[in-house]
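Take a look at the structure below.
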Amino acid sequence: MPARARSPLDPPLSFRVIRTIFLTLLSGFVLLPVYVMVTSSLKPLKDVAGQFRWIPSGLTIRPYIDIWHTVPLAKYFVNSLIVAGTATVCSVVIAIFAAYAVSRYRFRGKRLFTVTVLSTQMFPGILFLLPLFLIFVNIGNSTGVALYGSRGGLILTYLTFSLPFSIWMLIGYFDSVPRDLDEAATVDGCGPLGALFRVVIPAAVPGIVAVAVYAFMTAWGEVLFASVMTNDATRTLAVGLQGYSTQNDVYWNQIMAASLVVSIPVVAGFLLLQKYLVAGLTAGAVK
Amino acid sequence: MTSAPTTLPPDAKAGGRAGRAPAGGPRPGRVRRPGRLRRTALPYLLLLPALLLELLIHLVPMVMGIVMSFRQLTQFFIRDWSRAPWTGFDNYRLAVDVNRPVGEALLGSFLTTCLFTLLSVGLCWLLGTAAAVFMQETFRGRGFLRALFLVPYALPVYAAVITWAFMFQRDNGMVNHLLHDQLGLGGAEHTFWLLGDNSFWALLTVSVWKGWPFAFLIVMAALQNVPRDLYEAAALDGAGIWQQIRRITLPSVGAVNQVLILVLFLWTFNDFNTPFVLFGKSAPEAADLISIHIYQSSFVTWNFGTGSAMSVLLLLFLLLVTAGYLFFTTRGRKDADAR
């Protein structure tokens, strides 16, 4: 490398050495399960059942074909997609309205509202799992609206999981959009909602994307409520993946293949949108 | 916030909004009436969906959970839980009586969770902060590393944890192969990772692996707000990189750390997904986190009343810790909640 003049901001050698060592070790730690997931998903069953090997003895794509038959993975996939997708859309819309109200209006009970919503963040899920289960069952018995075991019940539940954080982050984001902009819009003839849709939302797109990503990931990865609140028809991936272990065999290669397949949409989406997430966090959460 | 804001027209700006209907003219007091009514109702209408859902999914169940904790709620009363006999504080007595098996197990699980949370939050924070600080300067491959480090955060819990469960298998797992067969550590006998005392360390490893990128993300976001000039000025004054990190970088994430550590604490303490996927419905004693423990007391042994009492105790503990934490961390900061 050609020598260039060192600026006073260039870190010294000791810093760079320590940085390289630290980041290498950390990358190794992060990558280890990813490596195991990918390689094991390409191994024949006798290979994953025996002693672990770093390099597969023979590659096969068989697990990727078998995963769809061993359990109805496609059905679980569709269920997860419907549940997580709907929960995300609803959660983001509801959070936008709530955050707009908090950010742009003064009203009685505002502080109570923000404190209440935020404190639901700390409730242990286990505390309201059983009551919610009973409420859903009772609503079903008395009105015939099937919430327990249905996708609707799960959607309702999941969208409240991401709601507090989404509202909180969007309040911060909306606050950072200058008020002059939406006031100008109202002077130009927009109603308050017109100002929200024409000015505030477009200016807060990174924050909204960040919140949507968060909501989707929360719903896609939830296990506890999914395992209690679903039945055979509405099972999501979180529960469905357990179907690859039978009494006699654990199909580890298929489990790894299925894990990879269900991870790809979220990881790809997340990595594509991560710059929005960082920008959203910068403006919203970190103030 | 000033006192009694809603009895007055919100503020001068709101007047501008109202004045849009007629073109100019002196402020038409009476005509504005319906508009103002709509304006005062509007924020509540906007909040309504969020409020209703929070009520239905969080607050009503929470109140129900508290009521249920005073009843002897077994599987016989599930159909109509209001008929379950009222037992006063019996469930609580059972939960806190450390001389009897239920209370003793709960205390054990609580202490395990405390130690686990302390270690996990500490390590997550340390790794996340170190990585964010090291990656503040641009260098080749930084963008790639940043994306890579977010992968554990993005992976769905069950997919990531199930992979770790595979790696921790005794006979065909990667961990034992690496430690015993390749590095010769711990003798020739393979270790049980998902049973017995070692399960604590297995769980901790997975929890840190999954949790540290969140700390990284938040600290990294916070560091983007630190002005470059500060570093340049410090460097010109002769401060080395380590001094800059100590005097500029770390203090500037101080406020963020308060929120970050609280959130990490609450998430880790309540975490159900990780132990559930790693161990199933009943975790080994050494890794019996409180949420799994309560789940088991409720859904496996069918004693919902006791399970509810345990949940309420857990909530009280979390409230206490959070309130204390917020009190001590925000005491010095003026107008921390001026919004």
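In what follows, every heavy atom counts, from backbone to side chain, and hydrogens, waters and symmetry copies are set aside. Proteins come first, then strands; the chains are lettered A, B, ... in the order of their sequence lines, and each starts at number 1. It should be emphasised that the depicted structure is a prediction, and the values quoted were computed from it without experimental measurement.
- Heavy-atom distances place no part of B:Ile292 under 4.5 Å from chain A, backbone and side chain included.
- The CZ atom of A:Phe128 lies 10.5 Å from the OG atom of B:Ser311; values are rounded to the nearest 0.5 Å.
- Annotation: side chain of B:Val259 is in contact with side chain of A:Trp168 (closest heavy-atom distance under 4.5 Å).
- Counting only heavy atoms from C-beta outward, the side chains of B:Val151 and A:Leu31 never approach each other to under 4.5 Å.
- Contact of A:Ser40 with chain B is made through the side chain alone, with heavy-atom distances under 4.5 Å.
- For A:Leu193, the part lying under 4.5 angstrom from a heavy atom of chain B is the side chain only.
- For the pair B:Glu54 and A:Thr160, the tightest heavy-atom approach, listed with the atom from each and the gap, is OE2-O, 3.8 Å.
- Using a 4.5 Å cut-off between heavy atoms, B:Ser69 makes no contact with chain A at all.
- Both the backbone and the side chain of A:Trp220 come within less than 4.5 Å of a heavy atom of chain B.
- One distance of note links CG of A:Leu147 with CG of B:Leu56; it measures 8.0 Å at 0.5 Å rounding.
- Taking chain B as the reference chain and counting heavy-atom pairs below 4.5 Å, the highest number among A:Val262, A:Leu129, A:Leu132, A:Val223 is found for A:Val223.
- At a 4.5 Å heavy-atom cutoff, B:Ser298 makes no contact with chain A through either its backbone or its side chain.
- In this structure, CG on B:Leu53 lies 5.0 Å from CD1 on A:Ile94, to the nearest 0.5 angstrom.
- A:Met37 and B:Ala159 make their closest contact through CE-O, 3.8 Å (heavy atoms, listed as atom of the first residue, atom of the second, distance).
- Between chain B and the residues A:Gly269, A:Ser103, A:Ala98, the largest count of heavy-atom pairs under 4.5 Å involves A:Ala98.
- Interface summary for chain A: among B:Leu266, B:Ile290, B:Leu150, the most heavy-atom pairs under 4.5 angstrom belong to B:Leu150.
- Nearest heavy atom pair, residue A:Pro33 against residue B:Thr163, reads O-CG2, 3.4 Å.
- Within the 4.5 Å cutoff, side-chain heavy atoms of B:Pro156 are placed close to those of A:Val266.
- Heavy atoms of B:Val63 lying under 4.5 Å from chain A are absent altogether.
- In terms of heavy-atom pairs under 4.5 Å with chain B, the best-connected choice from A:Val93, A:Leu224, A:Leu159 is A:Leu224.
- Neither the backbone nor the side chain of A:Ser91 comes within contact range of chain B; no heavy atom of the residue lies under 4.5 Å from a heavy atom of that chain.
- Between A:Phe15 and B:Phe134, the ring planes are tilted. Angles from 30° to 60° get that label.
- Taking the six-membered ring where tryptophan is involved, the planes of A:Tyr214 and B:Trp267 are essentially parallel, since the angle between them stays under 30° and well short of 60°.
- Using a 4.5 Å cut-off between heavy atoms, B:Leu260 does not touch chain A at all.
- Of the residues considered (B:Gly240, B:Ala154, B:Pro152, B:Gly238), B:Ala154 shows the highest number of contacts with chain A, using heavy-atom pairs under 4.5 Å.
- Residue A:Leu156 touches chain B through both its backbone and its side chain, counting heavy-atom pairs closer than 4.5 Å.
- Heavy-atom distances place the side chain of B:Leu145, and not its backbone, under 4.5 Å from chain A.
- Considering all non-hydrogen atoms of both residues, A:Pro12 and B:Ile241 come closest at CD-CG2, 3.4 Å.
- Here the NE2 atom belonging to B:His58 is positioned 7.5 Å from the CZ atom belonging to A:Phe123, to the nearest 0.5 angstrom.
- Each of B:Asn172, B:Asp171, B:Asp181 was scored for a side chain to side chain donor-acceptor pair (under 3.5 Å) with A:Gln51, with one residue passing: B:Asp181.
- At a 4.5 Å heavy-atom cutoff, the contact between A:Ile167 and chain B is made by side-chain atoms alone.
- The parts of B:Tyr295 that come within reach of chain A are both its backbone and its side chain, each placing non-hydrogen atoms under 4.5 angstrom from that chain.
- For A:Ile96, no part lies under 4.5 angstrom from a heavy atom of chain B.
- Heavy atoms closer than 4.5 Å to chain A are found in the side chain of B:Trp164, but not in its backbone.
- When each of B:Ile245, B:Leu217, B:Val263 is checked for heavy-atom pairs under 4.5 Å with chain A, B:Leu217 comes out on top.
- When each of B:Phe276, B:Phe269, B:Trp212 is checked for heavy-atom pairs under 4.5 Å with chain A, B:Trp212 comes out on top.
- Both the backbone and the side chain of A:Ala238 come within contact range of chain B, each with at least one heavy atom under 4.5 Å from a heavy atom of that chain.
- When all heavy atoms are compared, the tightest approach of A:Leu23 to B:Phe149 is CD2-CE1, 3.9 Å.
- Among residues two or more places apart in sequence or in another chain, the ring pair (Phe, Tyr, Trp, His ring centres under 6.0 Å) test is passed with B:Phe139 by none.
- Both the backbone and the side chain of B:Ala130 have a heavy atom closer than 4.5 Å to some heavy atom of chain A.
- For chain A, the nearby parts of B:Leu46 are the backbone and the side chain; heavy atoms of each come within less than 4.5 Å.
- If you measure heavy-atom distances from B:Met174 to chain A, the contacts under 4.5 Å come from both the backbone and the side chain.
- Residue pairs meeting the side chain to side chain donor-acceptor pair (under 3.5 Å) criterion with at least one partner in residues 150-161 of chain B, sequence neighbours excluded, are absent.
- The nearest pair of heavy atoms linking A:Val48 to B:Phe166 is O-CE1, 4.1 Å.
- Of the atoms belonging to A:Val34, it is side-chain heavy atoms, and not backbone ones, that fall under 4.5 Å from chain B.
- The greatest number of non-hydrogen atom pairs below 4.5 Å with chain B, out of A:Thr120, A:Leu271, A:Leu26, is found for A:Leu26.
- Using a 4.5 Å cut-off between heavy atoms, A:Phe52 touches chain B through backbone and side chain atoms alike.
- Among B:Ala50, B:Ala165, B:Pro49, the residue making the largest number of heavy-atom pairs under 4.5 Å with chain A is B:Ala50.
- Using a 4.5 Å cut-off between heavy atoms, B:Leu127 contacts chain A through both its backbone and its side chain.
- For a residue to count as touching a neighbouring chain, one of its non-hydrogen atoms must lie under 4.5 Å from one of that chain's; by this rule B:Met310 does not touch chain A.
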